[in-house]
Amino acid sequence: MKLKVLTLFFCLLFSSFVLASAEKNEPKAIRITPPAPLFTEVERRIELAKRRAKVAAAMSDNSIMILLSTEPKIYTGDIDFMYRQENNLYYLTNLKQKNTALVLIKEGAETKEILFLPKRNPAAETWSGAMYSRNDAEKISGIKTITDAAELNNFLQSVKEKKPFPSKDSAISNPTKTENIYLLLPINSFDSDSKREFRKEIDFVSSFAKVSVDEKTSKYKYETTNGDKIENAQPIFAELRLTKSPVEIKLLQHAIDITIEALMRSMAMVERANWEYEVQAEVEYTFRRRNADYWGYPSIVGCGPNATTLHYEEAQGKVEKGDLMLMDVGAEYDHYTADVTRTFPVNGKFTKEQAEIYKIVYDAQEAAAKAIKPGAKFNQPKRAATETIERGLARLGLITELGAFVPSTVQEVPDGKGGKRIVGIPQYALWFMHGWGHWLGMNVHDVGDYDKPFKAGMVTTNEPGIYIRENALDYLPDTPANKEFIAKVRPAFEKYKNIGVRIEDDMLVTDKGVEWMTKALPRSIADIEAFMAKASKEMNYSRLPPTNPRFAFLSYNNDLSWKSFAANNFLSGKTMRRGWIYSEKSAAYSDLNHAEHSHGE
């Protein structure tokens with residue numbers, strides 16, 4: 001009997017040992033970011049030289065291109081935001097120094113490269129750290145002709161006046177026979193982003209040119225006092241940056257890998273979080289832990305109703321079991337940014353209704369991916385995703401039929417053939433109101449022509465979504481036709497309201513089709529549920545004690561006093577950051593006009 005007991009004991013002990021060994025050797029659910037790509041100094045300089053040569057090849061003869069560094073952005077008072085170099089200047093130099101400028105002068109087959117660099121200042125370095133020496137700048141960029149940035153204004157004046165400019169150190173002299181001046185300028189009068197970003201360039205050209213707008217094209221026209229033609233440099237960089245080199249793809253992949261780990265860690269700890277900002281903290285902690293420069297755009301972390309706001313950046317809402325969490329985040333590494341979205345259940349299990357919406361978005365993403373291949377146009381995957389979503393919405397009863405318009409938007413317009421045609425805003429746009437995707441690279445919404453066919457090296461996002469905002473139907477005009485439409489979709493709307501789903505992956509076009517750069521991150525319902533069950537056991541994360549955050553805001557009353565309110569006395573999702581944002585009636589409704597945001601999120 002004792003022998004049998006001992007035998008049983010040792011069998012159990014051995015089994016435990018085997019199981020423990022198996023668990024130890026089993027791959028972890030959370031994928032640690034692979035090491036960052038490494039490049040030698042020679043490889044970097046060769047890469048940058050190739051880029052500058054391509055820019056020069058796109059310039060006209062007898063021309064000059066002037067690229068100015070980004071102005072520091074003020075946070076408040078004497079505090080600046082973290083400095084980030086202008087993308088195109090960085091693309092050609094890899095220099096992050098403020099107050100620098102790059103000048104390319106093309107005369108026939110020869111191109112001169114001139115870098116204006118601030119002199120090192122020991123007093124400034126005491127406060128802000130080391131500046132580049134000329135040797136440092138040459139070593140990084142490969143540019144050999146470097147002069148003092150203090151002479152830049154005199155150089156620019158000589159360009160305007162077409163006068164010789166010998167620098168004090170005799171390092172440079174500009175030609176007086178230029179015919180074209182390339183600058184980064186707004187594409188047209190509607191290009192508000194470039195108007196904000198390139199103010200120094202606009203001020204410079206306005207100092208010696210009469211600026212007007214072409215009524216037909218809305219493009220700017222420049223009549224200079226020196227007879228030179230002003231050319232916009234943006235199209236040159238948009239063309240070059242659209243197709244990524246192997247070096248760029250490695251940098252972008254690393255930014256994506258950091259983002260994948262951040263999302264995995266968030267999915268593992270979300271059930272133990274009380275507030276959205278705790279989950280956001282996990283993301284941005286991972287970004288810094290993996291040495292990302294920053295985020296490529298403000299993190300979007302929305303739970304429950306907040307998931308139905310496309311650019312919800314407040315992260316002030318409660319994390320509730322039974323709700324979906326939508327996270328749209330992207331690390332930036334060496335000026336290249338990821339853009340990844342996952343939607344997952346806080347408690348690790350999708351409800352039937354959540355799964356039904358999720359499956360439609362998943363199928364739309366799959367359909368779009370199949371349409372991405374060399375030679376295809378951008379609108380082909382967009383159409384595949386949209387048609388899949390429209391069919392799914394019709395199946396669930398959230399739209400009345402395929403091809404149907406929102407009744408109050410229907411109108412007749414000329415068809416160009418002497419007849420009329422019916423147009424309107426599609427019903428599906430109530431629930432899928434943004435574009436299917438956008439180019440990705442140094443900007444989250446990167447530069448590039450959307451009419452260009454896909455070719456190997458291009459990177460796009462693939463990001464369909466469905467958002468059942470709880471007040472969406474309340475904003476439709478009060479017409480009989482709209483009332484009839486609302487009555488038909490109301491049962492389905494009540495069933496699915498407050499569900500927001502977006503799935504976003506980063507797609508690299510290859511010679512054979514497309515590569516999912518985000519393939520390591522769980523995406524299907526089954527994979528997400530299995531991952532969360534396993535990963536939650538790996539995360540050593542303790543739920544924080546319940547807190548009752550208090551927010552103060554200035555309430556206009558007789559004594560102009562400050563009043564403080566407990567957050568839980570109000571509807572979820574409010575914040576001081578952009579005023580008080582509610583997830584109920586006052587939520588920023590992404591109305592039908594949001595369809596104009598055609599390049600996705």
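Just so it is clear, the model here is predicted, and its values are computed rather than measured.
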Hey, are the side chains of L326 and V501 touching, using non-hydrogen atoms and a 4.5 Å cut-off? no

Listed by chain and number, what are the ring pair (Phe, Tyr, Trp, His ring centres under 6.0 Å) partners of F208, not counting sequence neighbours? F204

Euclidean distance, S63 OG relative to K229 NZ, rounded to 0.5 Å: 11.0 Å

Do Q85 and T100 have side-chain heavy atoms sitting under 4.5 Å apart? yes

Check: F155 ring centroid to F116 ring centroid under 6.0 Å: yes

Checking Q97 now: which residues fulfil side-chain hydrogen bond (donor to acceptor under 3.5 Å, both in side chains) with it, not counting sequence neighbours? none

Hey, does L185 have a side-chain heavy atom less than 4.5 Å from the side chain of Q234? no

Is the number of heavy atoms from other residues, nucleotides or ligands within 6.0 Å of NZ (K200) greater than 12? yes

Among K144, R51, R52, find the one that has a salt bridge (Lys or Arg N to Asp or Glu O under 4.0 Å) with E113. R52

Partner set under side-chain hydrogen bond (donor to acceptor under 3.5 Å, both in side chains) for E161, not counting sequence neighbours: Q157, K163

Got a sec, which residues hit side-chain contact (heavy atoms from CB on, under 4.5 Å) with A376, two or more places apart in sequence or on another chain? K373, Q380, F454

So T145 and L115, do their side chains get closer than 4.5 Å, heavy atoms only? no

Results of side-chain hydrogen bond (donor to acceptor under 3.5 Å, both in side chains) for Y90 - residues two or more places apart only: D334

For the ring pair Y467 and H434, is the centre-to-centre distance below 6.0 Å? yes

Taking only residues two or more places apart in sequence, or in another chain, which ones meet N154 in a side-chain hydrogen bond (donor to acceptor under 3.5 Å, both in side chains)? none

